[in-house]
Structures are given as C-alpha cells and as structure tokens.
Number of protein chains: 2
Amino acid sequence: MSKKYSIDKIFKALADANRREIFHLLVVATSALSLTQITAEFDISRQGITKHIKLMEDAGLIQTHNKGRERFCEVDPTPLNEIKDWLAVYDKFWDDKLKSLGDFLDKKA
Amino acid sequence: MSKKYSIDKIFKALADANRREIFHLLVVATSALSLTQITAEFDISRQGITKHIKLMEDAGLIQTHNKGRERFCEVDPTPLNEIKDWLAVYDKFWDDKLKSLGDFLDKKA
DNA sequence: TATATTTGCAACCATATAGTTGCGTATAAA
DNA sequence: TTTATACGCAACTATATGGTTGCAAATATA
C-alpha cells in the first residue's frame, strides 16, 4: 500500500483559505462544478481559480473532466487519509507513552 | 472555545518535510533540544533551522525557552487538533450522507 | 455564418519561502 | 582575562506563490 499522493502537496494545498473554500464548495455541491461556476463564488479571477484547482489536482484532492468547452471539477477526499495517517502516528505515540506511564505507576502502587 | 491558532499557519508549517522531521525529532526526544542539537541532525544551516523553528512557533507547534546562551525547543501538539477538527467536519458530512442514503434505501425496501 | 461563452497559455508583478553568509553579542569555559 | 560556543540580526539569492491582464482557440448559440 504505497502512498499515492505527496503529503507535502496535500498539506500545501490545504494551507490556503481560498483553496479550502473551493474544497468545501465542491464537497457540498450536488454535482461537479465548472471553472466559471466556481469563479462566481469568489472574489478572485478565473485564472486565479484555475491555478488553485491545478494545485489541488496535483495533490489529488480534485478531479476534473472536460465536457464541451467547459471544465468540470469534483472533489476526491482520498488524500485526506494521508494526513489522518500522519496524525495517527503521533496519537499512537502519545497513547503508548501514557500507557507505559500507567504501567509504571501500577508497579509502584 | 475560540480557535487559538491559525489553521493556515498550522497547515503551512506541516507542508515542509524538514519541518515535519523537526517536529518528529522533538516528539521522540526525551527532553527539550537546543538549536545546535537540532541543527546537528540536518543538512541545513543553523539559520535555516532557526527560520523553520520560528515558523512552527508561530503556528503553536513548538515552544521555546532560553537558558543561558542556549535556546531550547519542545513540541506542543495542541494545534494538531485544529486539523483534526477540520477533517472531522467532512467525515461527519460524508457519514451523514451515507446515513440518509441508508434511510432512503430502507424506506424503499 | 456571425457572435458569445469557456477555457488555456503566456507574461507579468509583488510578496513569501527556503536557504545561504557574515558579523556582533552574550554566556560559558580555560 | 582570554577563548570558545550558541545564538540573533541583517543582507542577499533563487525560486515558489497568489494574484493579475491580454490574447487566441475551441465550442456553443443566434
């Protein structure tokens, strides 16, 4: 089970409020949205949106497909698992640490 | 319960392999580490490390204190909760969606 | 066919990032 | 007191980021 996406790119993609809003918009949308539709929800230009989409696509968070002259975007939450896995390592570490502290205290008692 | 740390800064702090390694080093360390001690583990200069530490300190992921001529760093995992909270929103969203799909199918059956 | 819409590409700008080096200063050790 | 260590500050470089505009091409509509 090799890592499909770069965790650097995933963290970077999420480290921007506009991109997180785009992500949110695509999550709650009932269907794929075109670049123009997404642009309509923001104060930045279409090219700005395009760049954000590109970055998120490279991170695996968004998938796109062309239909006619339009380009539709939809969200793919899979890469979020990389972040969850990264976090889980430390949760486990601190959990184990607490447990061994408990064992230590039990022995003393 | 207001958000103490900027989620932008937290994501940004973690979006760099060197910084994640510094974080890891400080997690597994049994005590606080000085800048020189941290620098010894990396291929970049002390000033480079200093800059990374600053960024992580601004994100709340590291706390520092001076002792004599040395500056000690230790990790603070609290800001990771901001990320967990952010992720949880979407977990809940998709969970609810699945549940209502289940309800829908139950009614049809 | 002529016009309007959606997009991509390229150039550009300002600022941030990731890194360096040099130097001065404070603290500790000889 | 002299020397060595740990650090901060400032300047500098190269590249990335977040944004813009203008223009051309493809597709849809009148």
Side-chain angles (χ1 to χ4, degrees), chain A residues 5-26 29 31-75 79 83, chain B residues 5-26 29 31-75 79 83:
Chain A
Y5 306 106
S6 144
I7 193 154
D8 268 79
K9 288 187 179 178
I10 301 166
F11 270 125
K12 215 162 275 178
L14 297 173
D16 179 274
N18 277 329
R19 283 195 292 269
R20 286 196 306 279
E21 277 191 55
I22 292 174
F23 183 88
H24 188 86
L25 180 65
L26 290 176
S31 64
L33 298 180
S34 73
L35 289 180
T36 307
Q37 286 175 313
I38 296 170
T39 301
E41 304 293 321
F42 293 86
D43 285 334
I44 57 183
S45 69
R46 178 181 52 86
Q47 285 308 319
I49 297 289
T50 296
K51 285 195 179 184
H52 284 307
I53 298 285
K54 177 86 169 62
L55 223 141
M56 300 176 82
E57 207 177 355
D58 286 348
L61 287 163
I62 283 183
Q63 287 175 2
T64 68
H65 60 274
N66 299 325
K67 189 176 177 184
R69 66 186 164 187
E70 286 171 297
R71 179 170 206 200
F72 288 97
C73 309
E74 50 197 323
V75 94
I83 294 186
Chain B
Y5 306 107
S6 144
I7 194 155
D8 268 78
K9 287 187 179 178
I10 302 166
F11 270 125
K12 217 162 272 179
L14 297 174
D16 178 274
N18 278 329
R19 284 195 291 270
R20 286 196 307 277
E21 277 192 55
I22 292 174
F23 183 88
H24 189 85
L25 180 65
L26 291 174
S31 64
L33 298 181
S34 73
L35 288 181
T36 307
Q37 287 175 314
I38 296 170
T39 302
E41 304 293 321
F42 293 86
D43 284 334
I44 57 182
S45 71
R46 178 181 51 87
Q47 285 307 319
I49 296 290
T50 297
K51 286 195 179 182
H52 283 308
I53 297 286
K54 176 87 171 60
L55 223 141
M56 299 175 82
E57 207 177 355
D58 287 347
L61 287 164
I62 283 183
Q63 287 175 4
T64 68
H65 60 275
N66 299 326
K67 189 177 180 187
R69 64 185 163 185
E70 287 171 298
R71 179 169 208 199
F72 288 97
C73 309
E74 50 197 324
V75 94
I83 294 186

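Lettering follows sequence order; numbering is per chain, from 1.
- Between A:Ser45 and D:dT20 there is a side-chain N or O to OP1 or OP2 distance below 4.0 Å.
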Dump the pairs, protein N or O against N or O of nucleotides 13-15 of chain C, anything under 3.5 Å, distances to one decimal.
none

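- Counting to the nearest Å, the P atom of D:dT17 and the CE atom of A:Met56 are 14 Å from each other.
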Write out a two-atom table: protein N or O, nucleotide N or O from nucleotides 27-30 of chain D, distance below 3.5 Å.
| residue | atom | partner | partner atom | Å |
| --- | --- | --- | --- | --- |
| D:dT27 | O2 | A:Arg69 | NH1 | 3.0 |
| D:dA28 | O4' | A:Arg69 | NH1 | 3.4 |

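- Here B:Cys73 contributes atom SG and B:Glu57 contributes atom CD; the two are 7.5 Å apart, rounded to the nearest 0.5 Å.
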What do the steps show when you test A:Ile53 against A:Ile38 for side-chain contact (heavy atoms from CB on, under 4.5 Å), and what is the final call? CA-CA 10 Å; A:Ile53 298 285; A:Ile38 296 170; 4.0 Å; yes
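- Between the CD1 atom in A:Ile7 and the CZ atom in B:Arg20 there is a gap of 5.5 Å [rounded to 0.5 Å].
- Each ring pair (Phe, Tyr, Trp, His ring centres under 6.0 Å) pair with one or both residues in residues 37-72 of chain A, not counting sequence neighbours, appears once here: A:His65-A:Phe72.
- Judged by distance alone, the side chains of B:Thr64 and B:Arg71 do bring a donor and an acceptor atom under 3.5 Å apart.
- Taking CG of A:Leu14 as the reference point, atom CG of B:Asp8 lies at 10.5 Å (rounded to 0.5 Å).
- Going from atom CD1 of B:Ile53 over to atom P of D:dA6 covers 16 Å, rounded to whole Å.
- Of the residues near DNA chain C, A:Phe72 and A:Lys12, the one whose nearest nucleotide (by heavy atom distance) lies more toward the 5' end is A:Phe72.
- When the nucleotides D:dG18, D:dC7, C:dT7 are ranked by their closest atom to the side chain of A:Thr36, C:dT7 comes out on top.
- Minimum interatomic distance between A:Gln37 and A:Ala32 (heavy atoms only, all atoms of both residues): OE1-O, 4.1 Å.
- Going from atom CG of A:Asn18 over to atom CD of A:Glu41 covers 12.5 Å, rounded to the nearest 0.5 Å.
- The backbone N or O of B:Ala13 sits less than 3.5 Å from a side-chain atom of B:Arg19, completing a donor-acceptor pair.
- For B:Ala40, there are no side chain to side chain contact (heavy atoms under 4.5 Å, CB included) partners at least two apart in sequence or on another chain.
- Note: CZ (B:Phe42) to C1' (C:dT20) measures 18 Å, nearest angstrom.
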What protein N or O atoms touch nucleotides 8-11 of chain D N or O atoms at under 3.5 angstrom, if any, and at what distances?
| residue | atom | partner | partner atom | Å |
| --- | --- | --- | --- | --- |
| D:dG8 | OP1 | B:Arg71 | NE | 3.4 |
| D:dG8 | OP1 | B:Arg71 | NH1 | 2.8 |
| D:dG8 | N7 | B:Arg46 | NH1 | 3.0 |
| D:dG8 | N7 | B:Gln47 | NE2 | 2.9 |
| D:dG8 | O6 | B:Arg46 | NH2 | 3.0 |
| D:dC9 | N4 | B:Gln47 | OE1 | 3.2 |
| D:dC9 | N4 | B:Gln47 | NE2 | 2.8 |

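- OP1 and OP2 of C:dT17 both lie 4.0 Å or more from every side-chain N or O belonging to B:His52.
- Between A:Lys54 atom NZ and D:dT17 atom P the separation is 11 Å, expressed in whole Å.
- Listed here is the closest heavy atom pair of A:Lys9 and A:Asp58: CD-O, 3.8 Å.
- The number of heavy atoms from other shown groups lying within 6.0 Å of CG (A:Asn66) is above 12.
- For A:Glu21 and D:dG18, the CD to P distance is 14 Å, given to the nearest whole Å.
- Rounded to an integer number of Å, the gap from B:Arg20 CZ to C:dA18 P is 11 Å.
- Note on the helix from C:dT1-D:dA30 to C:dA30-D:dT1: terminal axis deviation equals 20°, with five pairs used at each end and the result rounded to 10°.
- We find that CD of A:Gln37 is positioned 15 Å from P of C:dT5, with the value rounded to whole Å.
- Here the P atom of nucleotide D:dC7 and the CD1 atom of B:Ile49 are 11 Å apart, to the nearest Å.
- A:Ile49 CD1 to A:Ile22 CD1: the interatomic distance, rounded to the nearest 0.5 Å, is 4.0 Å.
- Separating the CG atom in A:Leu26 from the CD atom in A:Gln63 is a distance of 11.5 Å, to the nearest 0.5 Å.
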